[in-house]
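Everything below concerns the one structure shown next.
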Amino acid sequence: SFLVSNAQFPKQMEELTPCTQLYVSIDASNPIELQAVDRPIFSDFWERFLACIDLLAQKGQRTVFRLTLVKDFNMSQIEGYAALI
């Protein structure tokens, strides 16, 4: 089994039981583009996003960063993706 997350629920990610693969969608490399792409419902969406990325390293299971790149939309700071992962 696998689970895909939009990286907005760090508490739930921390409490997840292991699955075969845990995917996290990385839809932008900075808060401005993330807000435009995902239209998050939480005002602290960037902090939640970063917390989920940090938690992924601690999960001790197979994990995947799924990058969603759209030319002229969320690629203005492409180097930022490398810094995140």
(request) Write down the atom of K59, the atom of E14, and the distance for their closest heavy-atom approach. (result) NZ-O, 3.5 Å
(request) Kindly compute the distance separating CG (N6) from CZ (R48), expressed to the nearest 0.5 Å. (result) 10.0 Å
(message) Using a 6.0 Å cut-off, check whether atom CD1 of I32 has over 12 heavy atoms from anything other than its own residue.
(response) no
(message) I want to check something: taking the side chain as every heavy atom from C-beta on, are F65 and L56 in contact at a cut-off of under 4.5 Å?
(response) yes
(message) To the closest 0.5 Å, what do you measure between CZ (F49) and CG (L84)?
(response) 5.0 Å
(message) To the nearest 0.5 Å, what is the distance between OG on S25 and CG on L67?
(response) 9.5 Å
(request) Indicate the atoms forming the closest heavy-atom contact of R39 with A36, along with that distance. (result) CG-O, 3.9 Å
(request) Any chance you could measure E47, atom CD, to C52, atom SG, to the nearest 0.5 Å? (result) 12.0 Å
(request) Nearest 0.5 Å please: distance from the CG atom of D54 over to the CE atom of M13. (result) 11.0 Å
(request) Over all heavy atoms of both residues, which pair between M75 and E33 is shortest? Give the atoms and the distance, please. (result) N-OE1, 3.9 Å
(message) If hydrophobic clusters are built from ILVMFWY residues whose side chains come within less than 4.5 Å, do V4 and I85 share one?
(response) no
(message) Could you tell me if the side chain of I26 sits less than 4.5 Å from the side chain of I53, heavy atoms only?
(response) yes
(message) Could you tell me if the side chain of Q61 sits less than 4.5 Å from the side chain of L22, heavy atoms only?
(response) yes
(message) Under a 3.5 Å cutoff, is there a donor and acceptor pairing between the side chains of Y23 and Q21?
(response) yes
(message) Under the criterion side chain to side chain contact (heavy atoms under 4.5 Å, CB included), I'd like the reasoning laid out for F2 against V64: C-alpha separation, chi angles, the key distance, then a yes or no.
(response) CA-CA 10 Å; F2 68 93; V64 176; over 6 Å; no
(message) With clusters defined by side-chain heavy atoms of hydrophobic residues (ILVMFWY) lying less than 4.5 Å apart, directly or transitively, does Y81 cluster with V70?
(response) no
(message) Quick check on the 6.0 Å ring-centre criterion: do F42 and F9 meet it?
(response) yes
(request) Answer whether the closest heavy-atom distance between the side chains of L34 and W46 falls below 4.5 Å. (result) yes
(request) Identify the heavy atoms of A7 and V24 that sit nearest to each other, and give their distance. (result) CB-CG1, 3.6 Å
(message) On a heavy-atom basis, which atom in D27 and which in N74 lie closest, and how many Å separate them?
(response) O-ND2, 2.5 Å
